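If you're wondering where the values come from, they're calculated on a predicted model, not measured in any experiment. Counting starts at 1 for both ligands and their atoms, in listed order. Computed from heavy atoms alone, side chains included, the values below leave out hydrogens, waters and symmetry copies.
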Amino acid sequence: MEGWRGVIAIDGPAASGKSTLARRVAGELGLAYLDTGGFYRAAALAVLRAGEDCDHEEESVAVVCRAAIAQSDGRTSLDGEDVEKEIRTQRVSEAASKVAALPGIRRILVERQRRWVEDRGGSAVVEGRDIGSVVFPDAEVKVYLTAASDERTRRRAAEMTEDTEPEEVGESLARRDQKDISRAASPLHRMPDAIEINTTALNPEEATGEVLKMVHGCRATE
Ligand code: DC
C-alpha cells in the first residue's frame with residue numbers, strides 16, 4: 001500500500017510492542033519511522049555526560065539545547081556518535097524517565113520531532129507516549145498499544161543491552177509506567193480517537209495487520 005500519506009501515531013506504555021509494530025507498518029507503507037523515546041534517551045545521555053542532574057530543569061535544558069540528536073532508520077545518534085547501544089542501558093532508561101518529566105525538555109524535543117517529520121514530507125509512523133495527544137494531535141491514524149505487564153517485562157528484558165535480573169526489569173518498568181502516567185507534563189493516556197490494540201496474545205504480523213486495516217479504513221473515508 002505504498003503511496004499512503006499522513007502520520008500514524010502509536011502511543012502506549014514501555015515494551016507494549018510499539019517499536020516492532022511501528023517499524024513493520026512503516027516498512028509496509030514505505031514511510032519513515034520515528035522512535036521519539038530515542039530522543040528522550042539521547043537527551044538524558046547528553047545530560048549525564050555533561051555531569052548534570054536529570055531532575056534539574058534549567059541545567060538539563062541548557063545541555064539539550066546544545067545537543068545534536070539525530071535519528072535515521074530507528075538508530076539514534078548524539079553529536080554525530082551512534083549511541084543506540086548506550087541509550088538502552090538501565091542507567092539511561094532511568095535518566096530518560098526523569099528528563100521526560102521536565103516541561104522545558106519536552107518543548108525542545110516535541111519541536112524537533114515535528115521538524116523531523118516535516119523534513120520527510122510530513123508522512124511517518126511515529127511512536128511514543130504523547131504523539132496522538134501533543135506532537136501530532138491531527139494524526140490520520142492513532143493507535144494506543146497495550147500488553148499485560150508480565151509480557152512487557154519479558155519483552156523489555158529481551159531487548160536490554162546488558163544483563164539485568166527480570167525482577168529488576170519489572171520493577172523499573174512499573175516505576176517508569178507510573179511516572180509516565182502521573183507526570184504533569186504530557187502524561188501517557190489513551191486519546192478518545194485512538195484505537196486500542198492489546199498485543200499480549202498477538203504476534204507482530206497480526207498487530208501490523210490490525211493497523212493496516214485502520215489505514216485502509218482511513219483511506220476509504222477520504
Ligand atoms: O519508549 P522508551 O522507553 O524508549 O522511552 C524512553 C523514556 O522517554 C520513557 O521514560 C518515556 C519517555 N517518553 C516520553 O515521555 N514521551 C515520548 N513521546 C517518548 C518517550
Going by heavy atoms, is Gln113 under 4.0 Å from ligand 1?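 Contact check Gln113 vs ligand 1: negative.
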Are any of the heavy atoms in Lys179 under 4.0 Å away from ligand 1? no
Could you work out, for [atom], the closest of [options] by heavy-atom distance?
{"atom": "atom 9 (C) of ligand 1", "options": "Arg156, Arg129, Arg175", "answer": "Arg129"}
{"atom": "atom 19 (C) of ligand 1", "options": "Asp130, Asp11, Thr36", "answer": "Thr36"}
{"atom": "atom 5 (O) of ligand 1", "options": "Ala100, Ala96, Gly37, Ser186", "answer": "Gly37"}

Heavy-atom donor-acceptor pair, Gln71 side chain to Leu34 backbone, under 3.5 Å: no
Would the distance check show the side chain of Ser60 and the main-chain N or O of Asp53 forming a donor-acceptor pair, the cut-off being under 3.5 Å?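 Here the side-chain-to-backbone pair exists.
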Within the structure, does Arg41 bring an N/O atom to less than 3.5 angstrom of an N/O atom in ligand 1?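 Yes: some nitrogen or oxygen of Arg41 is under 3.5 Å from one in ligand 1.
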For ligand 1 and Arg183, I'd like to know whether there is a polar contact (N/O to N/O, distance under 3.5 Å).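 Between Arg183 and ligand 1 (N or O atoms, distance only) the closest approach is under 3.5 Å.
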Can you tell me how far CD of Glu52 sits from CD of Glu57, rounded to the nearest 0.5 angstrom?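 Between Glu57 CD and Glu52 CD, I get 13.5 Å after rounding to 0.5 Å.
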Can Arg41 and Ser93 be counted as having a side-chain donor-acceptor contact under 3.5 angstrom? yes
Distance only, no hydrogens: is a donor on one side chain within 3.5 Å (strictly under) of an acceptor on the other, for Glu127 and Tyr33? yes
What atoms in ligand 1 come closer than 4.0 Å to a heavy atom of Ser97? 10 (O)
Does the cation-pi check pass for Arg120 over Trp116, that is, NZ or CZ under 6.0 Å from the six-membered ring centre and within 45° of its axis? yes
Which bit of Arg106 gets closer than 4.0 Å to ligand 1, counting heavy atoms only: side chain, backbone, both or neither? side chain
Below a 4.0 angstrom heavy-atom separation, can you tell me which part of Asp180, side chain or backbone, both or neither, approaches ligand 1?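 For Asp180, the contact with ligand 1 is made by the side chain alone.
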So, using side-chain contact (heavy atoms from CB on, under 4.5 Å) as the criterion, who are the partners of Ala68 when residues are at least two apart? Asp79
Minimum side-chain heavy-atom gap Gln113-Val126 below 4.5 Å: no
Looking only at protein heavy atoms, which one is nearest to atom 8 (O) of ligand 1, and how far off is it? Tyr40 CB, 3.5 Å
